[in-house]
Number of protein chains: 2
Amino acid sequence: MDDRTARERVLDAAARLYYRRGIQNVGMVDLRAESGVSLKRLYRLFPSKDSVVEQALLRQHETWDAWLAAAIDAADTPRDRLLAVYDMLARWFSHDDFRGCMFINSFGELGSVMPRVAEIVRAHKADFQARVAELARAAGAPAGLAPQLAILAEGAQTTAAISGTTDAARQARQAAEVLIDTALPRPDAA
Amino acid sequence: MDDRTARERVLDAAARLYYRRGIQNVGMVDLRAESGVSLKRLYRLFPSKDSVVEQALLRQHETWDAWLAAAIDAADTPRDRLLAVYDMLARWFSHDDFRGCMFINSFGELGSVMPRVAEIVRAHKADFQARVAELARAAGAPAGLAPQLAILAEGAQTTAAISGTTDAARQARQAAEVLIDTALPRPDAA
DNA sequence: CATACCGGAGAACGAACGTTCTCCCAGCGA
DNA sequence: TCGCTGGGAGAACGTTCGTTCTCCGGTATG
(Lines give C-alpha, C1' and ligand atoms only; values in the text may rest on other atoms or scores of the structure.)
Protein backbone atom coordinates (compact mmCIF):
# COMPACT_ATOMS: atom_id res chain seq x y z
CA MET A 1 0.00 0.00 0.00
CA ASP A 2 2.99 2.19 0.42
CA ASP A 3 6.32 2.05 -1.27
CA ARG A 4 8.26 3.73 1.47
CA THR A 5 10.40 1.33 3.41
CA ALA A 6 9.02 0.03 6.68
CA ARG A 7 11.69 1.98 8.48
CA GLU A 8 10.55 5.21 6.87
CA ARG A 9 6.92 4.50 7.66
CA VAL A 10 7.76 3.87 11.29
CA LEU A 11 9.83 7.01 11.64
CA ASP A 12 7.24 9.17 9.91
CA ALA A 13 4.50 7.77 12.12
CA ALA A 14 6.66 8.28 15.20
CA ALA A 15 7.45 11.88 14.33
CA ARG A 16 3.78 12.58 13.67
CA LEU A 17 2.43 10.95 16.83
CA TYR A 18 5.21 12.07 19.14
CA TYR A 19 4.71 15.62 17.93
CA ARG A 20 0.95 15.50 18.30
CA ARG A 21 0.65 13.86 21.73
CA GLY A 22 4.11 13.99 23.35
CA ILE A 23 6.57 11.12 23.30
CA GLN A 24 5.51 9.44 26.52
CA ASN A 25 1.88 9.47 25.49
CA VAL A 26 2.52 7.31 22.43
CA GLY A 27 3.04 3.59 22.90
CA MET A 28 4.61 1.05 20.60
CA VAL A 29 1.13 -0.25 19.83
CA ASP A 30 0.05 3.19 18.63
CA LEU A 31 3.13 3.27 16.44
CA ARG A 32 2.17 -0.09 15.00
CA ALA A 33 -1.34 1.12 14.19
CA GLU A 34 -0.18 4.37 12.61
CA SER A 35 2.65 2.89 10.57
CA GLY A 36 1.09 -0.43 9.58
CA VAL A 37 4.32 -2.17 10.58
CA SER A 38 3.86 -5.15 12.87
CA LEU A 39 5.36 -5.16 16.34
CA LYS A 40 7.67 -8.00 15.42
CA ARG A 41 9.08 -6.14 12.46
CA LEU A 42 9.23 -2.95 14.46
CA TYR A 43 11.47 -4.60 17.01
CA ARG A 44 13.63 -6.10 14.28
CA LEU A 45 14.12 -2.60 12.85
CA PHE A 46 14.74 -0.86 16.18
CA PRO A 47 16.05 -2.41 19.39
CA SER A 48 13.83 -0.32 21.68
CA LYS A 49 11.46 2.60 21.91
CA ASP A 50 14.36 4.82 22.93
CA SER A 51 15.99 4.02 19.64
CA VAL A 52 12.83 4.93 17.71
CA VAL A 53 12.66 8.22 19.59
CA GLU A 54 16.26 8.99 18.78
CA GLN A 55 16.00 8.13 15.08
CA ALA A 56 12.69 9.95 14.70
CA LEU A 57 14.21 13.11 16.14
CA LEU A 58 17.22 12.82 13.86
CA ARG A 59 14.97 12.35 10.85
CA GLN A 60 12.80 15.29 11.89
CA HIS A 61 15.93 17.39 12.09
CA GLU A 62 16.72 16.58 8.45
CA THR A 63 13.18 17.42 7.40
CA TRP A 64 13.11 20.70 9.27
CA ASP A 65 16.52 21.72 8.04
CA ALA A 66 15.45 21.03 4.46
CA TRP A 67 12.37 23.25 4.90
CA LEU A 68 14.54 26.01 6.25
CA ALA A 69 17.11 25.67 3.48
CA ALA A 70 14.40 25.78 0.83
CA ALA A 71 12.84 28.90 2.34
CA ILE A 72 16.20 30.62 2.50
CA ASP A 73 17.15 29.65 -1.03
CA ALA A 74 13.97 31.15 -2.40
CA ALA A 75 15.01 34.62 -1.26
CA ASP A 76 17.39 36.79 -3.21
CA THR A 77 19.18 39.40 -1.14
CA PRO A 78 21.12 38.67 2.06
CA ARG A 79 18.59 40.73 4.01
CA ASP A 80 15.66 38.84 2.52
CA ARG A 81 17.34 35.54 3.24
CA LEU A 82 17.51 36.47 6.92
CA LEU A 83 13.87 37.50 6.90
CA ALA A 84 12.85 34.37 5.00
CA VAL A 85 13.29 32.50 8.27
CA TYR A 86 10.34 34.34 9.78
CA ASP A 87 8.22 33.93 6.67
CA MET A 88 8.76 30.22 6.90
CA LEU A 89 7.71 30.34 10.55
CA ALA A 90 4.53 32.19 9.54
CA ARG A 91 3.58 29.45 7.08
CA TRP A 92 4.39 26.75 9.62
CA PHE A 93 2.38 28.35 12.42
CA SER A 94 -0.72 28.44 10.25
CA HIS A 95 -0.83 24.66 9.85
CA ASP A 96 -3.75 23.11 11.69
CA ASP A 97 -1.58 20.66 13.55
CA PHE A 98 1.08 23.15 14.60
CA ARG A 99 2.00 22.51 18.19
CA GLY A 100 5.34 24.27 18.64
CA CYS A 101 8.83 23.01 18.01
CA MET A 102 9.14 19.27 18.44
CA PHE A 103 12.69 19.67 19.74
CA ILE A 104 11.74 22.21 22.39
CA ASN A 105 8.82 20.00 23.42
CA SER A 106 10.95 16.87 23.59
CA PHE A 107 13.62 18.67 25.56
CA GLY A 108 11.11 19.76 28.16
CA GLU A 109 9.60 16.32 28.39
CA LEU A 110 12.69 14.11 28.34
CA GLY A 111 15.80 16.29 28.29
CA SER A 112 16.62 15.63 31.91
CA VAL A 113 15.95 11.91 31.80
CA MET A 114 17.24 10.85 28.36
CA PRO A 115 20.63 12.41 27.74
CA ARG A 116 20.56 11.36 24.09
CA VAL A 117 17.42 13.44 23.55
CA ALA A 118 19.04 16.46 25.17
CA GLU A 119 22.06 16.00 22.96
CA ILE A 120 20.03 15.78 19.73
CA VAL A 121 17.99 18.84 20.62
CA ARG A 122 21.12 20.80 21.43
CA ALA A 123 22.65 19.80 18.11
CA HIS A 124 19.48 20.78 16.26
CA LYS A 125 19.41 24.23 17.79
CA ALA A 126 23.15 24.67 17.29
CA ASP A 127 22.64 23.90 13.60
CA PHE A 128 19.89 26.48 13.39
CA GLN A 129 22.04 29.09 15.07
CA ALA A 130 24.92 28.27 12.75
CA ARG A 131 22.66 28.72 9.74
CA VAL A 132 21.46 32.12 10.95
CA ALA A 133 25.03 33.11 11.73
CA GLU A 134 26.09 32.21 8.21
CA LEU A 135 23.29 34.33 6.74
CA ALA A 136 24.20 37.24 8.99
CA ARG A 137 27.84 36.93 8.06
CA ALA A 138 26.94 36.91 4.37
CA ALA A 139 24.97 40.09 4.95
CA GLY A 140 27.99 41.70 6.55
CA ALA A 141 26.40 42.05 9.98
CA PRO A 142 28.41 42.20 13.18
CA ALA A 143 28.64 38.95 15.17
CA GLY A 144 26.14 40.04 17.80
CA LEU A 145 23.18 40.11 15.44
CA ALA A 146 22.77 36.40 14.67
CA PRO A 147 22.09 35.20 18.24
CA GLN A 148 19.48 37.93 18.62
CA LEU A 149 17.71 36.84 15.45
CA ALA A 150 17.81 33.21 16.56
CA ILE A 151 16.29 34.13 19.92
CA LEU A 152 13.46 35.92 18.13
CA ALA A 153 12.76 32.79 16.10
CA GLU A 154 12.75 30.56 19.19
CA GLY A 155 10.48 32.93 21.05
CA ALA A 156 8.09 33.11 18.12
CA GLN A 157 7.78 29.32 18.09
CA THR A 158 6.87 28.96 21.74
CA THR A 159 4.64 32.01 21.71
CA ALA A 160 2.73 30.79 18.68
CA ALA A 161 2.38 27.29 20.13
CA ILE A 162 1.01 28.44 23.47
CA SER A 163 -1.17 31.29 22.28
CA GLY A 164 -2.52 29.29 19.37
CA THR A 165 -2.19 32.27 17.04
CA THR A 166 0.22 33.06 14.22
CA ASP A 167 0.87 36.67 15.24
CA ALA A 168 4.25 35.91 16.72
CA ALA A 169 5.81 35.22 13.32
CA ARG A 170 4.88 38.67 12.04
CA GLN A 171 5.93 40.35 15.28
CA ALA A 172 9.28 38.56 15.30
CA ARG A 173 9.83 39.51 11.69
CA GLN A 174 9.19 43.17 12.40
CA ALA A 175 11.60 43.07 15.33
CA ALA A 176 14.16 41.34 13.14
CA GLU A 177 13.87 44.08 10.53
CA VAL A 178 14.63 46.72 13.13
CA LEU A 179 17.62 44.79 14.46
CA ILE A 180 18.98 44.10 11.00
CA ASP A 181 18.58 47.65 9.78
CA THR A 182 20.16 49.03 12.93
CA ALA A 183 23.13 46.69 12.74
CA LEU A 184 23.45 47.11 9.01
CA PRO A 185 21.98 50.38 7.71
CA ARG A 186 20.71 50.02 4.17
CA PRO A 187 22.34 52.51 1.79
CA ASP A 188 19.04 52.87 -0.08
CA ALA A 189 16.84 53.49 2.94
CA ALA A 190 14.38 56.27 2.27
CA MET B 1 10.16 19.58 61.24
CA ASP B 2 8.58 22.16 59.06
CA ASP B 3 5.92 24.70 59.88
CA ARG B 4 4.60 25.01 56.36
CA THR B 5 1.28 23.34 55.92
CA ALA B 6 1.26 19.86 54.43
CA ARG B 7 -0.40 21.30 51.38
CA GLU B 8 2.42 23.78 50.86
CA ARG B 9 5.06 21.12 51.34
CA VAL B 10 3.40 18.92 48.73
CA LEU B 11 3.06 21.71 46.19
CA ASP B 12 6.63 22.90 46.70
CA ALA B 13 7.94 19.36 46.32
CA ALA B 14 5.77 18.87 43.25
CA ALA B 15 6.98 22.05 41.59
CA ARG B 16 10.59 21.14 42.34
CA LEU B 17 10.41 17.55 41.10
CA TYR B 18 8.14 18.20 38.13
CA TYR B 19 10.49 20.96 37.02
CA ARG B 20 13.61 18.85 37.48
CA ARG B 21 12.47 15.61 35.85
CA GLY B 22 9.29 16.34 33.90
CA ILE B 23 5.80 15.73 35.24
CA GLN B 24 5.33 12.20 33.95
CA ASN B 25 8.67 11.11 35.36
CA VAL B 26 7.61 11.90 38.94
CA GLY B 27 5.30 9.48 40.74
CA MET B 28 3.15 10.02 43.77
CA VAL B 29 5.67 7.98 45.76
CA ASP B 30 8.43 10.40 44.80
CA LEU B 31 6.20 13.23 45.91
CA ARG B 32 5.67 11.51 49.23
CA ALA B 33 9.41 11.09 49.76
CA GLU B 34 10.25 14.68 48.81
CA SER B 35 7.45 16.30 50.79
CA GLY B 36 7.37 14.06 53.86
CA VAL B 37 3.59 13.87 53.56
CA SER B 38 2.15 10.38 53.66
CA LEU B 39 0.26 8.98 50.70
CA LYS B 40 -2.93 8.82 52.68
CA ARG B 41 -2.74 12.46 53.65
CA LEU B 42 -1.71 13.38 50.13
CA TYR B 43 -4.86 11.84 48.74
CA ARG B 44 -6.95 13.56 51.36
CA LEU B 45 -5.45 16.90 50.29
CA PHE B 46 -5.73 16.29 46.54
CA PRO B 47 -8.15 13.98 44.76
CA SER B 48 -5.65 12.89 42.11
CA LYS B 49 -2.25 13.48 40.60
CA ASP B 50 -3.85 15.66 37.94
CA SER B 51 -5.05 17.92 40.70
CA VAL B 52 -1.57 18.15 42.21
CA VAL B 53 -0.17 19.04 38.80
CA GLU B 54 -2.75 21.74 38.32
CA GLN B 55 -2.30 23.30 41.77
CA ALA B 56 1.49 23.12 41.54
CA LEU B 57 1.45 24.98 38.25
CA LEU B 58 -0.88 27.62 39.66
CA ARG B 59 1.37 28.06 42.69
CA GLN B 60 4.45 28.26 40.48
CA HIS B 61 2.74 30.98 38.51
CA GLU B 62 2.31 33.03 41.69
CA THR B 63 5.96 32.52 42.61
CA TRP B 64 7.25 33.46 39.19
CA ASP B 65 5.02 36.47 38.95
CA ALA B 66 6.25 37.68 42.32
CA TRP B 67 9.88 37.37 41.18
CA LEU B 68 9.08 39.34 38.08
CA ALA B 69 7.21 42.03 39.99
CA ALA B 70 10.07 42.42 42.46
CA ALA B 71 12.62 42.74 39.67
CA ILE B 72 10.52 45.34 37.92
CA ASP B 73 9.86 47.32 41.08
CA ALA B 74 13.57 47.59 41.80
CA ALA B 75 14.11 49.63 38.63
CA ASP B 76 13.44 53.33 38.42
CA THR B 77 12.76 54.59 34.92
CA PRO B 78 10.19 53.12 32.54
CA ARG B 79 13.01 52.04 30.20
CA ASP B 80 14.91 50.33 33.03
CA ARG B 81 11.75 48.60 34.17
CA LEU B 82 11.40 47.03 30.74
CA LEU B 83 15.03 45.97 30.75
CA ALA B 84 14.76 44.62 34.30
CA VAL B 85 12.89 41.66 32.82
CA TYR B 86 16.06 40.52 31.05
CA ASP B 87 18.23 41.12 34.08
CA MET B 88 15.95 38.87 36.06
CA LEU B 89 16.27 36.24 33.34
CA ALA B 90 20.06 36.50 33.56
CA ARG B 91 20.00 35.79 37.28
CA TRP B 92 17.56 32.93 36.81
CA PHE B 93 19.57 31.29 34.02
CA SER B 94 22.66 31.18 36.18
CA HIS B 95 21.03 28.96 38.81
CA ASP B 96 22.48 25.45 38.84
CA ASP B 97 19.11 23.83 38.49
CA PHE B 98 17.81 26.06 35.71
CA ARG B 99 16.08 23.91 33.12
CA GLY B 100 13.98 26.35 31.13
CA CYS B 101 10.49 27.60 31.77
CA MET B 102 8.34 25.09 33.63
CA PHE B 103 5.27 26.27 31.76
CA ILE B 104 6.82 25.83 28.33
CA ASN B 105 8.09 22.41 29.38
CA SER B 106 4.74 21.34 30.76
CA PHE B 107 2.95 22.57 27.68
CA GLY B 108 5.18 20.48 25.44
CA GLU B 109 4.78 17.42 27.60
CA LEU B 110 1.08 17.54 28.43
CA GLY B 111 -0.54 20.44 26.61
CA SER B 112 -2.20 18.23 24.04
CA VAL B 113 -3.38 15.61 26.50
CA MET B 114 -4.38 17.62 29.58
CA PRO B 115 -6.46 20.63 28.52
CA ARG B 116 -6.25 22.11 32.01
CA VAL B 117 -2.45 22.26 31.73
CA ALA B 118 -2.69 23.99 28.35
CA GLU B 119 -5.11 26.47 29.83
CA ILE B 120 -2.92 27.31 32.82
CA VAL B 121 0.15 27.74 30.64
CA ARG B 122 -1.75 30.01 28.28
CA ALA B 123 -2.95 32.10 31.18
CA HIS B 124 0.58 32.33 32.60
CA LYS B 125 2.01 33.57 29.33
CA ALA B 126 -0.91 35.95 28.80
CA ASP B 127 -0.18 37.43 32.22
CA PHE B 128 3.46 37.90 31.32
CA GLN B 129 2.55 39.59 28.04
CA ALA B 130 0.10 41.82 29.84
CA ARG B 131 2.80 42.84 32.31
CA VAL B 132 5.21 43.72 29.53
CA ALA B 133 2.47 45.58 27.70
CA GLU B 134 1.76 47.62 30.80
CA LEU B 135 5.45 48.54 31.15
CA ALA B 136 5.65 49.48 27.49
CA ARG B 137 2.53 51.58 27.75
CA ALA B 138 3.95 53.38 30.79
CA ALA B 139 7.07 54.11 28.75
CA GLY B 140 4.95 55.58 26.00
CA ALA B 141 5.88 52.99 23.40
CA PRO B 142 3.64 52.10 20.46
CA ALA B 143 1.56 48.94 20.84
CA GLY B 144 3.76 46.86 18.59
CA LEU B 145 6.76 46.91 20.91
CA ALA B 146 5.47 44.82 23.81
CA PRO B 147 4.85 41.58 21.90
CA GLN B 148 8.32 41.84 20.41
CA LEU B 149 9.90 42.21 23.83
CA ALA B 150 7.88 39.26 25.15
CA ILE B 151 9.04 37.11 22.23
CA LEU B 152 12.64 37.98 23.06
CA ALA B 153 12.11 36.87 26.65
CA GLU B 154 10.52 33.57 25.59
CA GLY B 155 13.27 32.88 23.12
CA ALA B 156 15.93 33.62 25.70
CA GLN B 157 14.39 31.08 28.07
CA THR B 158 14.36 28.18 25.62
CA THR B 159 17.75 29.10 24.18
CA ALA B 160 19.33 29.23 27.62
CA ALA B 161 17.71 25.97 28.66
CA ILE B 162 18.85 24.02 25.62
CA SER B 163 22.29 25.52 25.21
CA GLY B 164 23.02 25.36 28.92
CA THR B 165 24.55 28.83 28.87
CA THR B 166 23.36 32.19 30.16
CA ASP B 167 24.35 34.18 27.07
CA ALA B 168 20.82 34.42 25.79
CA ALA B 169 19.76 36.78 28.56
CA ARG B 170 22.43 39.30 27.64
CA GLN B 171 21.74 38.93 23.93
CA ALA B 172 18.00 39.37 24.41
CA ARG B 173 18.62 42.44 26.54
CA GLN B 174 20.79 44.03 23.89
CA ALA B 175 18.16 43.35 21.24
CA ALA B 176 15.50 44.79 23.55
CA GLU B 177 17.53 47.97 23.97
CA VAL B 178 17.68 48.45 20.22
CA LEU B 179 13.96 47.84 19.82
CA ILE B 180 13.07 50.15 22.69
CA ASP B 181 15.32 52.97 21.57
CA THR B 182 14.05 52.68 18.02
CA ALA B 183 10.41 52.72 19.04
CA LEU B 184 10.98 55.41 21.62
CA PRO B 185 14.05 57.56 20.93
CA ARG B 186 15.58 58.88 24.12
CA PRO B 187 15.77 62.66 24.17
CA ASP B 188 19.07 62.49 26.05
CA ALA B 189 20.77 59.96 23.75
CA ALA B 190 24.38 60.92 23.07
C1' DC C 1 0.24 -31.76 -3.22
C1' DA C 2 3.25 -31.65 0.88
C1' DT C 3 6.49 -29.09 3.63
C1' DA C 4 9.31 -25.53 5.38
C1' DC C 5 9.57 -20.77 6.37
C1' DC C 6 8.35 -15.92 6.83
C1' DG C 7 5.75 -12.55 8.83
C1' DG C 8 1.39 -10.72 11.06
C1' DA C 9 -1.94 -10.51 14.97
C1' DG C 10 -2.19 -10.12 19.28
C1' DA C 11 -1.71 -12.78 23.84
C1' DA C 12 1.61 -13.05 27.56
C1' DC C 13 4.93 -11.31 30.83
C1' DG C 14 7.15 -8.14 33.88
C1' DA C 15 7.77 -3.54 35.49
C1' DA C 16 6.03 0.99 36.78
C1' DC C 17 2.58 3.73 38.59
C1' DG C 18 -1.97 5.80 40.30
C1' DT C 19 -4.97 4.74 43.84
C1' DT C 20 -6.82 2.21 47.81
C1' DC C 21 -6.48 -0.84 51.73
C1' DT C 22 -4.46 -3.15 55.79
C1' DC C 23 -1.81 -3.25 59.65
C1' DC C 24 0.25 -1.08 63.38
C1' DC C 25 1.43 2.31 66.82
C1' DA C 26 1.04 6.64 69.46
C1' DG C 27 -1.80 9.45 72.02
C1' DC C 28 -5.78 10.16 74.83
C1' DG C 29 -9.97 9.77 77.67
C1' DA C 30 -12.43 6.81 81.25
C1' DT D 1 -5.05 -0.17 82.33
C1' DC D 2 -8.12 -0.57 78.45
C1' DG D 3 -10.28 0.70 74.43
C1' DC D 4 -10.73 4.20 70.72
C1' DT D 5 -9.19 7.18 67.15
C1' DG D 6 -6.07 9.18 63.74
C1' DG D 7 -2.41 8.82 60.97
C1' DG D 8 1.89 6.71 58.87
C1' DA D 9 4.25 2.93 56.27
C1' DG D 10 3.93 0.48 52.68
C1' DA D 11 1.49 -3.77 50.67
C1' DA D 12 -2.10 -4.68 47.38
C1' DC D 13 -4.83 -3.96 43.20
C1' DG D 14 -5.79 -2.75 38.56
C1' DT D 15 -4.12 -0.63 34.52
C1' DT D 16 -0.81 0.73 31.10
C1' DC D 17 3.09 -0.14 28.48
C1' DG D 18 7.63 -1.96 26.70
C1' DT D 19 9.08 -6.21 25.09
C1' DT D 20 8.78 -11.13 23.85
C1' DC D 21 6.35 -15.27 22.59
C1' DT D 22 2.83 -18.25 20.44
C1' DC D 23 -0.09 -19.43 17.04
C1' DC D 24 -1.57 -19.34 12.42
C1' DG D 25 -2.11 -18.48 7.49
C1' DG D 26 0.10 -17.71 3.13
C1' DT D 27 3.78 -18.60 -0.12
C1' DA D 28 7.55 -20.71 -2.33
C1' DT D 29 9.84 -24.93 -3.46
C1' DG D 30 10.33 -29.92 -4.35
Side-chain angles (χ1 to χ4, degrees), chain A residues 1-57 105-106 108-117 120, chain B residues 1-57 105-106 108-117 120:
Chain A
M1 65 147 162
D2 193 334
D3 58 352
R4 288 173 301 164
T5 70
R7 183 190 152 83
E8 281 169 329
R9 267 179 292 152
V10 170
L11 292 181
D12 285 354
R16 196 161 46 243
L17 292 184
Y18 290 163
Y19 179 62
R20 189 181 309 158
R21 312 214 297 254
I23 293 175
Q24 292 177 105
N25 295 307
V26 175
M28 296 302 269
V29 171
D30 302 308
L31 224 53
R32 193 210 82 99
E34 179 89 1
S35 68
V37 171
S38 74
L39 272 184
K40 196 189 273 186
R41 200 126 91 95
L42 224 163
Y43 274 96
R44 203 160 338 110
L45 289 164
F46 304 93
S48 68
K49 175 175 176 177
D50 284 8
S51 166
V52 177
V53 170
E54 181 179 328
Q55 308 279 326
L57 284 174
N105 293 350
S106 302
E109 181 178 359
L110 293 172
S112 69
V113 96
M114 277 185 63
R116 189 77 184 101
V117 167
I120 292 169
Chain B
M1 62 148 162
D2 194 333
D3 58 353
R4 286 173 303 164
T5 69
R7 182 192 151 83
E8 282 170 328
R9 268 179 292 152
V10 170
L11 293 180
D12 285 353
R16 196 161 46 242
L17 292 185
Y18 291 163
Y19 179 62
R20 189 181 308 157
R21 310 214 298 253
I23 293 174
Q24 293 177 104
N25 296 307
V26 175
M28 297 301 270
V29 172
D30 302 309
L31 224 54
R32 192 209 82 100
E34 179 89 0
S35 68
V37 172
S38 75
L39 272 185
K40 196 188 271 187
R41 201 126 89 96
L42 223 162
Y43 275 97
R44 200 155 346 106
L45 290 165
F46 304 93
S48 67
K49 175 175 176 177
D50 284 7
S51 167
V52 177
V53 169
E54 180 179 327
Q55 309 278 327
L57 283 175
N105 293 350
S106 301
E109 182 177 357
L110 293 171
S112 68
V113 96
M114 278 185 63
R116 190 76 184 104
V117 167
I120 292 169

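Residue numbers start from 1 in every chain, and the chains themselves are labelled A, B, ... in the order their sequence lines are given, proteins ahead of strands.
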Report summary line: Here the salt bridge (charged side-chain N to carboxylate O under 4.0 Å, His left out) pairs for residues 32-46 of chain B, sequence neighbours left out, are Arg16(B)-Glu34(B)
Query - Angle between terminal axes - the helix from dC1(C)-dG30(D) to dA30(C)-dT1(D), 5 pairs each end, rounded to 10° - result: 30°
Requested in this report: Evaluate the side-chain contact (heavy atoms from CB on, under 4.5 Å) criterion for residues Ile120(A) and Glu54(A): first the C-alpha distance (whole Å), next the side-chain angles of each, then the deciding distance (0.1 Å), finally the verdict.
Outcome: CA-CA 8 Å; Ile120(A) 292 169; Glu54(A) 181 179 328; 3.6 Å; yes
**Report entry** Pairwise distance CG(Asp30(A)) to CZ(Arg20(A)) - rounded to 0.5 angstrom
**Finding:** 10.5 Å
Query - Rounded distance [0.5 Å steps], CD in Gln24(A) versus OH in Tyr18(A) - result: 10.5 Å
Requested in this report: Check the pair Val37(A), Arg7(A) against side-chain contact (heavy atoms from CB on, under 4.5 Å), reporting the backbone distance first and the verdict last.
Outcome: CA-CA 9 Å; Val37(A) 171; Arg7(A) 183 190 152 83; over 6 Å; no
Query raised in the report: Is Arg116(B) salt-bridged to Asp50(B), going by a charged N under 4.0 Å from an acidic O?
Result: no
Report task. In sequence, state the C-alpha distance, the side-chain angles, and the governing distance for Tyr19(B) and Val26(B), and then conclude on side-chain contact (heavy atoms from CB on, under 4.5 Å). Result -> CA-CA 10 Å; Tyr19(B) 179 62; Val26(B) 175; over 6 Å; no
Report summary line: Quick tally for nucleotides 4-26 of chain D: nucleotides whose base has a protein heavy atom under 4.0 Å get B, sugar-phosphate-only ones S, the rest -, giving ---BBB--------SBB-B----
